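Reckoned from all heavy atoms, side chains included, excluding hydrogens, waters and symmetry mates. One-based numbering, in listed order, for ligands and for the atoms of each. Since this is a predicted model, take the numbers as computed values, not measurements.
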Amino acid sequence: MPGQDNLNPQAEAHLHGPLFQNAIQTFNEAAAVIKCDPNIAERLRRPRRCLTVSIPVRMDDQSVKVFTGYRVQYNSTLGPYKGGIRYHHNVDLAEVVGLAALMTFKNSVLGLPLGGAKGGICVDPTKLSRAEKQGLTRRYTSEIAAFVGPTKDIPAPDVGTDPQTMAWFMDTYSQEQGGFAQPGVVTGKPVEIGGSLGRNHATGLGVVYVCERALEVNQMKMSGSRIAVQGFGNVGSFAAKFAFERGARVVAVSDVSGGIFNGDGLNIPQVIEHVKKTGFVKGFQGSQAITNEELLEVDCDALLPCALEGQIDVHNAERIKAKIIVEGANGPVTVEATKIMVQNGKFIAPDVISNGGGVIVSYFEWVQDIMSFFWDEADVDLKLKSVILKAFDSVYKMRQEKQIDMRTAAMATAISRLEKAMLLRGLYPR
Ligand code: NAD
């Protein structure tokens with residue numbers, strides 16, 4: 001374990017955050033299943049590079065505030081580093097290390113030629129003006145500029161950052177490279193400056209592709225199946241829409257205001273119109289109001305939790321009726337709940353694959369930027385289907401071979417790819 005031989009535990013405090021420790025626990029279990037080379041496992045338990053920067057910003061009242069930012073480059077065996085940038089007041093180095101590790105395993109299991117990284121700034125972005133946010137982003141970009149680039153490390157949006165933030169990042173980096181446009185340095189950009197078509201709905205569409213395949217391997221099919229979706233934001237609303245378009249009966253959806261239910265199926269395009277007008281799903285005509293807790297326990301074939309982490313835990317795991325659970329959100333089913341549900345015969349398609357649509361289309365954006373040749377939306381959707389289903393199938397094969405659950409199988413697949421590549425590349429300098 002990290003830290004055991006270190007004379008000064010403080011030197012490795014960033015390796016002891018709860019997120020990273022959880023990831024390492026899953027890592028250790030999966031590494032044991034595939035009998036991962038112990039030297040490779042030892043290397044994979046550590047981030048390669050952790051950069052901490054001070055970011056001075058002139059605020060609107062002319063005072064100067066200094067923020068702390070990070071970029072953690074966890075592993076680049078499979079390709080350039082890739083991972084988002086988070087602006088949140090809880091960001092610290094330990095959290096960024098955990099997120100960077102998760103990106104490494106996610107990119108690997110998805111079969112992308114990319115390493116894993118993550119960045120962040122400890123700041124509450126809602127308290128900044130547009131000018132302050134731009135100043136913060138530009139100085140952060142400049143501070144980490146030597147370590148990023150289209151062939152080195154390609155950031156993307158995460159919590160608290162958006163396409164505009166990425167546009168400022170791309171512009172700052174390009175100005176510092178002599179003013180030549182470098183769209184490939186960052187993804188999640190607006191389409192006008194090299195963003196990809198299809199990015200907006202990519203995660204929701206990926207969830208539905210995975211759901212379709214999960215139903216199929218469980219001898220069911222999307223058309224006519226009963227589906228419940230928790231969360232009606234970017235991921236959940238598109239997942240509900242694409243499931244509806246494929247003939248599923250979407251019997252329940254919910255958002256922060258509560259849920260709505262109709263056993264014959266909700267008309268999702270009309271629910272989307274209702275949300276545009278009123279802001280929430282509640283009050284939709286011809287539906288019955290239910291709570292978010294009830295939504296999770298609805299009698300259905302597939303449940304798509306697309307809102308928050310930790311929604312299904314030891315308290316409600318036994319009451320989940322859906323046979324298939326497709327994790328649209330990050331970590332909606334806890335590790336303990338997974339164990340209970342797998343024992344009850346549930347099939348859980350884990351978040352690293354199910355919500356991989358976003359990072360897959362980010363990868364496509366980078367490829368299109370490098371080629372300077374852009375695909376139409378139908379092309380992007382089709383390529384997304386091919387990549388995400390290939391990832392699902394390889395994890396399903398691991399599950400069958402090793403008789404393990406899909407979550408452990410996903411980590412085992414990720415480690416196995418990294419292990420093979422690291423053994424081929426060898427240890428530098430010897
Ligand atoms: P979003 O903010 O667009 O939507 C979140 C939705 O969840 C909203 O409808 C909100 O009302 C609802 N919600 C909030 N609290 C709730 C509660 N207690 N019960 C039920 N619903 C609640 O966010 P998003 O982009 O759709 O992301 C959702 C999840 O998916 C997050 O875990 C995110 O990290 C993950 N994710 C998103 C993407 C992406 O591309 N957007 C990619 C990978 C993972």
One line per pair, note the atom names and distance for all nitrogen or oxygen contacts under 3.5 Å between ligand 1 and the protein.
| from | atom 1 | to | atom 2 | distance (Å) |
| --- | --- | --- | --- | --- |
| ligand 1 | 3 (O) | N234 | N | 2.9 |
| ligand 1 | 9 (O) | F232 | N | 3.0 |
| ligand 1 | 9 (O) | G233 | N | 3.1 |
| ligand 1 | 11 (O) | V256 | N | 3.0 |
| ligand 1 | 19 (N) | N292 | ND2 | 3.1 |
| ligand 1 | 26 (O) | N234 | N | 3.1 |
| ligand 1 | 26 (O) | V235 | N | 2.9 |
| ligand 1 | 32 (O) | N330 | N | 3.3 |
| ligand 1 | 34 (O) | N330 | ND2 | 3.1 |
| ligand 1 | 40 (O) | R199 | NH2 | 3.4 |
| ligand 1 | 40 (O) | T203 | OG1 | 2.7 |
| ligand 1 | 41 (N) | N234 | OD1 | 3.3 |

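Qualifying salt bridge (charged side-chain N to carboxylate O under 4.0 Å, His left out) partners for D301, counting only residues two or more places apart in sequence or in other chains: R226. For F27, the ring-ring contact (aromatic ring centres under 6.0 Å, His included) criterion is met by F105, not counting sequence neighbours.
Under the 4.0 Å criterion applied to side-chain N and carboxylate O atoms, E294 and R319 are not assigned as salt-bridge partners. Using a cut-off of 4.0 Å between Lys/Arg side-chain N and Asp/Glu carboxylate O, D124 and K127 are scored as salt-bridged. A salt bridge links E365 with K189: the closest approach of a Lys/Arg side-chain nitrogen to an acidic carboxylate oxygen falls below 4.0 angstrom.
Every pair passing side-chain hydrogen bond (donor to acceptor under 3.5 Å, both in side chains) that includes a residue from residues 92-116 is listed here, sequence neighbours excluded: K106-N355.
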